[in-house]
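Below is one structure, written out as structure tokens; comments come after it.
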Amino acid sequence: MVTWNNLDTLASFQDLAKVDPVDLVSVMSGENGANRVKTYSAPMAEGLAFNYATKQVDADVLEALAKLAKEAQLTEKYAALYNGEVINTGEKRLVLHQLTRGQLGEDVVADGVNKRDFYVGQQKKVADFANKVHAGEITNEAGEKFTTVVQIGIGGSDLGPRAIYLALENWAKKNDLLKMEAKFISNVDPDDAAAVLNSIDVAHSLFIVVSKSGTTLETLTNEAFVKDALNNLGLDVSKHMLAVTSETSPLAKSDDYLAAFFMDDYIGGRFSSCSSVGGAVLSLAFGPEVFADFLDGAAEEDKLAMNEDILQNPDMLDALIGVYERNILGYPATAVLPYSQALNRFPAHLQQLDMESNGKSVNRFGEPVDYVTGPIIFGEPGTNGQHSFYQLLHQGTDIVPLQFVGFKNSQIGTDVVIEGSTSQKKLCANVAAQIIAFACGKDDENRNKKFDGGRPSSIIIGEDLNPKSLGALLAHFENKIMYQGFLWNVNSFDQEGVQLGKVLAKRVLAHETDGALKELSDLLEI
């Protein structure tokens, strides 16, 4: 039987606090460091590997973490989730995003429907529509093929799909698989929509409106902006717009849409990239087969996440090390540093995924917790970040754990040799150098030039970034965040913190304000 307990009530957590911390500078010096790099690695799906040699762990810490995983019943809680128990206690809902990419356990039936069949059915519906668009069977009113797809959404309806599209755009071009260019409108700032509309041929564009409730203020505002542009060009709105929404939303049966694809309440926005939220835009952009490969990569990583042995479960291991850093070592933030320009929006997606999930101060029963929970997440691609915020990471007063991602090969397959090495080799050299520089530091009589080291990091390494490896990478972080939520005993699957601002904004727009809110509204001439 699964029991849900606060982290600080677990005996294994108390024991973890008693384990001597690891001196990273010492263990990474000389042959010891070389051996750690070789052995402190856990295989991931699709040829990826999670290397944690430069984390502040050793055999004693890992043993204590394994005991914590067992006492916290992490694999049992994961099983409860994928077998359809009500894990989202705040909204009394199942949590089924893994089910969009494969079935790990029992049939999950909700609302009288087999949910795996529902998700597969929507994927087939999206694939059929995308194939007809690509074949010219579905066209604009002039009978011309669509060349661009624009996603209109915000939060989870934008960040994940956008990050995935950008991650695969060059790969698709190289492999002659870019069917349609994709653009994204998210910000309610009219400059966002205007910039996108000015950059595309509107008459040859499909627009996907993504809102589960059908009531998201920013999305509906941007939809109206786009409809106005279509009308001004004399174009039939219903031949240019699609909806991704729930079956019960106002958008579901509107005549304004050429087609509607459905999601449900059991998949939160930030976890929805594998549902129709990501499936529609990515299938139109790259083809349904590419999206299917992406789902397959995620599904394979989900299977690894079932393993009870933490050394063979990279998602759980990453989560446990992160909780150790946050709750024992006291580190307040984590930097996500992909050494791949294709992943330039991936840190932004992980920022929402992590901070919206585990940014909680009460447990899953609504009771305050007496320990810190989710860290601050930020990041940029290397090597750009090296010339931005790495100064603080190297020599600042706070130690910030680092999560690097790197690939041996570029997506484009071509490169140029400059000063004896290619651009890709230079990129890889930089990430290797940074990892050791952070861990080992450098002594110098000039204190301004001294690097103390002891800055922990991990790296996920792969051969190249492709749909399957990207799916595995996404699933790794989704599962890591899930496991950390289990450990902190918080509900990682609601987001009440985003609601208050929405409510107050509606009051402002209705001119139902007083006090400081009214004064601020007046200052902004609302």
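Below, all heavy atoms of this structure are taken into account, side chains as well, without hydrogens, waters or symmetry copies. Just so it is clear, the structure is predicted and the values come from calculations on it, not from any experiment.
For the residue pair Ser457 / Thr54, a side-chain donor-acceptor distance below 3.5 Å is found, with atom types taken as modelled. Counted by atom type alone, Asn430 and Gln386 present one or more donor-acceptor pairs between their side chains at under 3.5 Å. Side chains of Glu46 and Ser469: no donor on one and acceptor on the other come within 3.5 Å. Side-chain contact check for Trp488 and Asn327: at least one donor-acceptor pair (N or O, by modelled atom type) lies under 3.5 Å. Donor-acceptor pairing under 3.5 Å is recorded for the side chains of Tyr165 and Glu169. Side-chain contact annotation: Asp264 with Tyr119, donor-acceptor N/O pair under 3.5 Å present. Side-chain atoms of Arg326 and Gln484 form no donor-acceptor pair, as typed in the model, at a separation below 3.5 Å. Between the side chains of Ser492 and Ser357, no donor-acceptor pair of N or O atoms lies under 3.5 Å.
One finds a salt bridge joining Glu63 and Lys67 here, because a Lys/Arg side-chain nitrogen approaches an Asp/Glu carboxylate oxygen to under 4.0 Å. Between Glu325 and Lys55 there is a salt bridge, since at least one side-chain N of the basic residue sits less than 4.0 Å from a carboxylate O of the acidic one. Classification of Arg101 and Asp302 as a salt-bridged pair holds, one side-chain N sitting under 4.0 Å from a carboxylate O. In this structure, Lys124 does not pair ionically with Asp128, as no charged nitrogen and carboxylate oxygen lie closer than 4.0 Å.
In the displayed structure, Arg364 atom CZ is contacted under 6.0 Å by more than 12 heavy atoms of other residues, nucleotides or ligands.
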Full working for salt bridge (charged side-chain N to carboxylate O under 4.0 Å, His left out) between Asp107 and Lys115
CA-CA 8 Å; Asp107 282 346; Lys115 297 311 295 185; over 6 Å; no

Would Glu478 and Lys480 count as a salt bridge (charged side-chain N to carboxylate O under 4.0 Å, His left out) if you check the C-alpha gap in whole Å, the side-chain angles of each, and the deciding distance to 0.1 Å?
CA-CA 6 Å; Glu478 287 183 349; Lys480 171 193 173 180; over 6 Å; no

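A parallel orientation is assigned to the rings of Tyr52 and Phe50, their planes being inclined by less than 30° (bins at 30° and 60°). Between Phe438 and Phe404, the ring-plane angle classifies as tilted under the 30° and 60° cut-offs. Aromatic ring orientation, Tyr339 versus Tyr390: tilted (interplanar angle from 30° to 60°). Classified by interplanar angle (parallel below 30°, tilted 30° to 60°, perpendicular above 60°), the ring pair Phe389/Phe378 is perpendicular.
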N/O donor to acceptor pairs below 3.5 angstrom from side-chain atoms of residues 310-320, sequence neighbours left out:
from	atom 1	to	atom 2	distance (Å)
Asn313	OD1	Asp315	N	3.4
Asn313	OD1	Met316	N	3.1
Asn313	ND2	Ala305	O	2.8
Asn313	ND2	Asn307	O	2.8
Asp315	OD1	His476	ND1	2.7
Asp315	OD2	Asn479	ND2	3.0
Asp318	OD1	Gln403	NE2	2.8
Asp318	OD2	Gln403	NE2	2.8
Asp318	OD2	His476	NE2	2.7

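Taking the side chain to side chain donor-acceptor pair (under 3.5 Å) definition, one finds that Lys425 meets it with nothing, sequence neighbours left out.
Listed for the Lys360 side chain is a donor-acceptor partner under 3.5 Å among the backbone atoms of Asn491. Between the side chain of Ser423 and the main chain of Asp415, no donor-acceptor pair closer than 3.5 Å is present. Between the side chain of Glu301 and the backbone N or O of Ala45, at least one donor-acceptor pair lies under 3.5 Å.
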